[in-house]
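Worksheet: the structure to be examined is printed underneath.
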Amino acid sequence: EQLFKHEGVCVWTEDEYEFMQYNREAWPCGCTQTDQTDDDGKSIYYDMKPLPEGRLTFGLYTDASCSVEYSGDLDPIKVVEGIDSGNNNNNNNNNNN
């Protein structure tokens, strides 16, 4: 919450701050394990990843402290969306009828 207050005052526009304040509880609150694994079979974790100019995104990591960034081909947004949707990525299998 403190990050949102700081970023809201220092860097974000009014619209960005309003968006983030409304959606801040959807962002991860710490390093969270996913059901995905890397090529070596190690668990993948996700957390917020700070970007330049006060921006944020999701980051993927290979350790439970989210200190070692994952360098594979998984897309962090798709991994997190899969978690939010119950990992049910095959809902649209009948689109090719």
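- Contacts of Ser67 classified as side chain to side chain donor-acceptor pair (under 3.5 Å), with partners at least two apart in sequence or in another chain: Asp63.
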Step-by-step side-chain contact (heavy atoms from CB on, under 4.5 Å) determination, Lys42 to Thr62: CA-CA 7 Å; Lys42 297 179 188 173; Thr62 58; 5.5 Å; no
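- Clustering ILVMFWY residues whenever any of their side-chain heavy atoms sit less than 4.5 angstrom apart, transitively, puts Leu56 in the very cluster that holds Tyr70.
- The closest donor-acceptor contact from the side chain of Thr32 to the backbone of Gly30 lies under 3.5 Å.
- The shortest non-hydrogen separation linking Ala64 to Cys31 is O-SG, 3.2 Å.
- By the side chain to side chain donor-acceptor pair (under 3.5 Å) test, Lys49 is found to be paired with Glu69, residues two or more places apart in sequence or in another chain being considered.
- Contact between Thr37 and Leu74 at its shortest, heavy atoms only, is O-CD1, 4.5 Å.
- The OH atom of Tyr61 sits 15.5 Å away from the CG atom of Asp38 when rounded to the nearest 0.5 Å.
- Residues Tyr45 and Val79 do not share a hydrophobic cluster, clusters being chains of Ile/Leu/Val/Met/Phe/Trp/Tyr side chains in contact below 4.5 Å.
- Distance check, rounded to the nearest 0.5 Å: OG1 of Thr57 to CD1 of Ile77 gives 4.5 Å.
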